[in-house]
Amino acid sequence: MTPASVLAGPHAEGADSARRAAVHPAIAPRLVVAGSEEARLHLAAERALGTYEPGTEGGEFLDELERSGLTGRGGAAFPAHIKWRGVVAGEGPRVVVANGEEGEPASGKDRWLLTHRPHLVLDGLLLAARTVRAGRAVVYLSHPETVAAVRGALDELAAAGDDRAREVEIHVVDPTYVAGEESALCRSVNGGPALPTAKPPRPHESGVDGRPTLVSNVETLAHAAWLARNGADAFRAQGTAASPGTALVTLSGACGAPGVYEVPLGRTIRQLFDEVGGGLAEESHGFLVGGWFGGVLRRERAQDTPCCYDALRTLGSGLGCGAITALGADDTPVRVAADLAAWYARESAGQCGVCVNGTKAIRDTFARIADGAGSADDRDKLVRWGDTLPGRGACAFLNGAATLARSAVAQYPEAFPAGA
Amino acid sequence: MKAAVDATKCNAYGTCADHCPSVFQLDEWGYGSVVGDGTVAEAEIGAAKVAAADCPEKAITLIDA
Ligand SMILES: Cc1cc2nc3c(=O)[nH]c(=O)nc-3n(C[C@H](O)[C@H](O)[C@H](O)COP(=O)(O)O)c2cc1C
Ligand code: SF4
Ligand code: SF4
């Protein structure tokens, strides 16, 4: 396997990981329910499952959201109840947006969800709109197949005489990595370019139309819809105390069965690959966790770490959107880091001088080391950038490049030039 | 008072760090950022205001905390 093939990920041309999903054998599925694995669930099938049926509502639902411990599945793993209450605290009218852009190249789970269970996502979005008393509800998409699936679902609702179809707008954006960032999303919906803005203000203060805006990942909304009907105790019956529930993960790279899986949070990385991913290739020496955002992790240090938001954060990484790539024998740490760094320099939105210069410097330094021309000074620079660049850009994109620089040196010290 | 630099506006003129080095620092490419969490000490408020007013890109905001 060449490095290019591992970094190609689920979004590579011809990749079909988002076409089907499967369920971890230990759980009863919440999202990847019977019949949805490979086919879109249409309105009648969804209604038979209870989708669009009312559950807990309003303030009672916010309490349930807090008890459930649901955290955002878009990357930051922020507690959902705090974010939703933050939007409620702002003055109306408010706006809710389902973020289905999924710019993360290693992830296919949002595309699977939107193309197989679009009604559950809409149900969650409408629940969010009622809960925060929003005047606008938007689905934010970039992949054509997701646009077709959500349009189809809204048409089905309209054909069934359900007025709620008219309450939901679809906003389509060109796919880029930063387009999924929440302030870029608001700017795009407002008619501008899909580029991040400086914070404050955050979207919950001033987002779409300058109104308090709830931006939530489509998977988070699907879990919220399930929670409203099943309750927090049932929600917490899977997962760990700190990371309750199930999650959609995208496994790729040097394993037997790459794809999208619904799994209980808390299994170790190795267990996930063994139990659903068809086993790790023996020669696999490490992982990219949290898409391309969580840096590189060495196999023997990471494989027994639970896939739980806190445990991976402790390793200096993050489960993020749940995409895990197993590196193969040919994906040497320095080569992978150099390829990823080149991608970061290319995908930088080019707005912040520190991001433009920082990602270029990280790219050039990894390239020098990969070509055998690096020095101990180069290694020390990577470590320094890893420490000083997070938080410097207008969005967290630069943090990902910094994490890559820091983690590559920390996890694979022998691959870098030693000091004099 | 807290200071913040809008990274999308900053164009590495560097005058902020000259006016008020206790709050603003420059990186190796010349771009400005706040020291720590951007808290401005009581005695530095005047200097921070000069830095904000003098920033050619109007990239600096000062918020009363
Ligand atoms: C560079 C960048 C790209 C992002 N792309 C996405 C994305 O494609 N989809 C997504 O749901 N969140 C993305 N996020 C996170 C969003 O900013 C936001 O936190 C998220 O949509 C909130 O939803 P959640 O709380 O349900 O996770 C991105 C963040 C950054 C910094
Ligand atoms: S940090 Fe980078 S990606 Fe984010 S807004 Fe600034 S230039 Fe764009
Ligand atoms: S004075 Fe303004 S433009 Fe110049 S470095 Fe400071 S913040 Fe940036």
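Every heavy atom of this structure was used, including side-chain atoms; hydrogens, water molecules and symmetry mates were not. Keep in mind that what you see is a predicted model, and the values were worked out from it rather than measured. Lettering of chains follows the sequences in order, A, B, ..., and the numbering in each one begins at 1.
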Item to complete: May I ask you to list the residues in residues 389-406 of chain A that approach chain B closer than 4.5 angstrom, counting heavy atoms only, ordered by number?
Response: A:L389, A:R392, A:G393, A:A394
Practice prompt. May I ask you to list the residues in residues 25-42 of chain B that approach chain A closer than 4.5 angstrom, counting heavy atoms only, ordered by number?
Written response: B:D27, B:E28, B:W29, B:Y31, B:G32, B:S33
Discussion item. Aromatic contact between A:W292 and A:Y177, with the criterion being ring centroids under 6.0 Å apart: yes or no?
Written reply: no
Worksheet item: So which of B:I63, B:T61, B:N11, B:D6 has the largest heavy-atom pair count under 4.5 angstrom toward chain A?
Response: B:D6
Worksheet item: So, A:E182 side chain and A:V215 main chain: donor-acceptor pair closer than 3.5 Å or not?
Response: no
Fill in: Donor-acceptor pair between A:K199 and A:S183 side chains, under 3.5 angstrom
yes
Worksheet item: Between the main-chain N or O of A:V208 and the side-chain N or O of A:T213, is there a donor-acceptor pair closer than 3.5 Å?
Response: yes
Fill in: Other residues, nucleotides, ligands: >12 heavy atoms within 6.0 Å of A:D174 CG
no
Worksheet item: Would A:D387 and A:R384 pass as an ion pair if we require N to O under 4.0 Å?
Response: no
Worksheet item: Between A:D339 and A:R335, is there a side-chain N and carboxylate O pair less than 4.0 Å apart?
Response: yes
Practice prompt. Under 4.5 Å, counting heavy-atom pairs only, tell me which of A:N357, A:V356, A:L195 racks up the most with chain B.
Written response: A:N357
Worksheet item: Any sub-3.5 Å donor-acceptor pair from A:T314's side-chain atoms to A:D310's backbone N or O?
Response: yes
Item to complete: Using atom types as modelled and distance alone, determine if a side-chain donor or acceptor of A:N190 lies under 3.5 Å from a backbone N or O of A:D209.
Response: yes
Worksheet item: Given a strict heavy-atom distance threshold of 4.5 Å, which part of A:A361 is in contact with chain B: side chain, backbone, both, or neither?
Response: side chain
Worksheet item: Are there more than 12 heavy atoms of other residues, nucleotides or ligands under 6.0 Å from atom NZ of B:K49?
Response: no
Discussion item. For A:P417, is there any backbone N or O sitting under 3.5 Å from a side-chain donor or acceptor partner on A:R379?
Written reply: yes
